[in-house]
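Okay, so here's the structure we're looking at.
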Number of protein chains: 2
Amino acid sequence: MTATTILIVDDEAAIREMIRVGLELAGYECLEASNAQDAHGIIVDQRPDLVLLDWMMPVTSGIELLRRLRRDEVTRDLLVIMLTAKDDEDNRVQGLDVGADDYITKPFSSRELMARIKAIMRRSTNREQEESIEVGGLKLDPASHRVFVDTQPLEMGPTEFKLLKFFMTHQERAYSRGQLLDQVWGSNVYVEERTVDVHIRRLRKALQTDQRDCGLLIQTVRGTGYRFSTTGVCA
Amino acid sequence: MTATTILIVDDEAAIREMIRVGLELAGYECLEASNAQDAHGIIVDQRPDLVLLDWMMPVTSGIELLRRLRRDEVTRDLLVIMLTAKDDEDNRVQGLDVGADDYITKPFSSRELMARIKAIMRRSTNREQEESIEVGGLKLDPASHRVFVDTQPLEMGPTEFKLLKFFMTHQERAYSRGQLLDQVWGSNVYVEERTVDVHIRRLRKALQTDQRDCGLLIQTVRGTGYRFSTTGVCA
DNA sequence: TTGTTTTGTCATAAAATTGTCACCAAATGT
DNA sequence: ACATTTGGTGACAATTTTATGACAAAACAA
């Protein structure tokens, strides 16, 4: 396995353990940062394949960094394994909610860590594309994190953006609410399926301009879910 | 979410928690077994979708059951989530190595459990990569959940869609109303046979376009039922 | 902190789908 | 031709599924 690993901890013991583990990885790096801001910067620079995130960082809590990572288009689909104290169950749940891919309890064996890393890396294969997508009169630019119809920028929340991005990269196919939750929200959160409806509506509304109504691109597939299709409208 | 869940534990608290969680699952079963032998038997019989496996079973250890499951062709790719004690790290690693899909530490929150179950089940729900069927000028695409005649999409309800799909995959053969009810509606519902007539009509109507009348593909077999046949029309 | 935005969930409205009927038309049998 | 059986059709009320507005909690930004 080849992985560049970036580690953010202040726990010396953990670091040593990491390094020991690191030896089993072909090429890894071990970094430190004292706050979420810096850490995020480093991560953006280094583009690691995997982040081992200590929940208790010296200044800020790990959750802030994790949120930051998930919010940022560039680091959104980074693999993040968090390290939590043995009895810190709340944080663990919270961490999974916010979008950690997995967690490991400290102290951990290198064996366990390896197993997890393997599992996780096996699980996630696809890297994201960063080129702007253009469909049905809509242009979505991942870099600037914006959407245009013609040249007019559209306003929408983060979730709507993700939803739209998913749709634009997966056209002409019906998805159930559950699938959308998995794909857009992430598979480790549990929210009502009806929530999807609401966001669909918000997205549709956002896609309405004075000129056109691109919201019609999102079609309801009764009894199934929704579909993004250019058949019919807003060419 | 629909899941038949089989739980093997002797820990009362865990069972209660499971049941609480179980209530959120549509249809689950909770079983107990005191040794790997029995448990394996039960699992083979019941064919559950998911196994929640307590690592510390009364007689044998969970690992034996897990190994057994992984060895048996029939149960090889069952989803197995193991429940481990908080500080039982060795077993956790061992479990993952032997082939558990995930583990949850006791005590666990139902929220965490739900998230995990959901994630695991979604992950393994292998999408039926159904290819689109093309018959008699009609094209039915399961992925987009749509039907086209030429390039024009047709409108129809869910039941009509299922009915058409069945017909297109079972051409040139007459089916009684009862058979159609079984195949399309499902064998465990009771509806009047004449209901089929009505849906046949609705389907026929949906299959009429300005151009052609593909509804004629559905032929009446008097005294018997209906048949889907390309002989005659809408080439 | 405070004010603003985003989010998930509900309650309710709106819309589409469904199963049955009653009645008409066509076919079948005598 | 008449009576009987079987299928076609439009209508309709019940049910199911979606759409929508409102709201409070959470997350954010300042």
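Chain letters run A, B, ... following the sequence lines, proteins first, then strands; residues in each count from 1. Predicted model only: the values in this text are computed from it and were never measured.
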Please tell me if [X] has a side-chain N or O lying less than 4.0 Å from either OP1 or OP2 of [N].
X	N	answer
Arg202(A)	dT20(D)	no
Arg201(A)	dT18(D)	no
Arg177(A)	dT18(D)	yes
Thr220(A)	dT17(D)	no

Distance check, rounded to the nearest 0.5 Å: Ile218(B) atom CD1 versus Arg201(B) atom CZ?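 Between atom CD1 of Ile218(B) and atom CZ of Arg201(B) there are 12.0 Å.
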Could you state the [atom1]-[atom2] distance from [X] to [N], rounded to the nearest angstrom?
X	N	atom1	atom2	value
Ile200(B)	dG8(D)	CD1	C1'	12 Å
Arg222(A)	dT18(D)	CZ	P	6 Å
Lys205(B)	dT9(D)	NZ	P	8 Å
Ile218(A)	dT20(D)	CD1	P	12 Å
Gln219(B)	dT6(D)	CD	C1'	17 Å
Glu192(B)	dG7(D)	CD	P	14 Å
His199(A)	dA19(D)	NE2	P	14 Å

With a non-hydrogen cut-off below 4.0 angstrom, is Glu160(B) in contact with a base, only sugar-phosphate, or nothing?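 Sugar-phosphate contact only - Glu160(B) comes under 4.0 Å of backbone atoms but never of a base.
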Counting any heavy atom closer than 4.0 Å, what does Tyr226(B) reach on the DNA or RNA strands: base, sugar-phosphate only, or nothing?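 Contact class for Tyr226(B): sugar-phosphate only.
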Where does the chain A footprint on DNA chain C start and end, counting 5' to 3' with a 4.0 Å heavy-atom cut-off?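 Nucleotide range with atoms under 4.0 Å of chain A: dT6(C) to dT17(C).
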Hey, is the main chain of [Y] close enough, under 3.5 Å, to the side chain of [X] for a donor-acceptor pair?
X	Y	answer
Arg222(A)	Gly157(B)	no
Gln183(B)	Leu180(B)	no
Gln152(A)	Val149(A)	no

Parallel, tilted or perpendicular: which one describes the rings of Phe167(B) and Phe228(B), with boundaries at 30° and 60°?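 Answer is parallel, since the angle falls under 30°.
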Whether Phe161(B) and His145(B) hold their rings parallel, tilted or perpendicular, with breakpoints at 30° and 60°: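 Geometry flag for His145(B) against Phe161(B): parallel rings.
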What about the rings of Tyr175(A) and Phe166(A), do their centers lie closer together than 6.0 Å?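 Distance test on ring centres: under 6.0 Å, yes.
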Determine which pairs satisfy salt bridge (Lys or Arg N to Asp or Glu O under 4.0 Å) with at least one residue from residues 132-161 of chain B, sequence neighbours left out, and list them in order.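 For residues 132-161 of chain B: Glu172(A)-Arg146(B), Asp150(B)-Arg212(B).
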If you pin Val198(B) and Arg194(B) to their nearest nucleotides in DNA chain C, which one's is more 5'?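 Checking each residue's closest nucleotide, the 5'-ward one belongs to Val198(B).
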If an axis is fit to five pairs at each end of the helix from dT1(C)-dA30(D) to dT30(C)-dA1(D), what is the angle between the two, to the nearest 10°?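 Axis angle across the helix from dT1(C)-dA30(D) to dT30(C)-dA1(D), nearest 10°: 30°.
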Closest non-hydrogen atom pair between Ala206(A) and Met156(A), with its separation: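 Closest pair (atom of Ala206(A), atom of Met156(A), distance): CB-CB, 4.0 Å.
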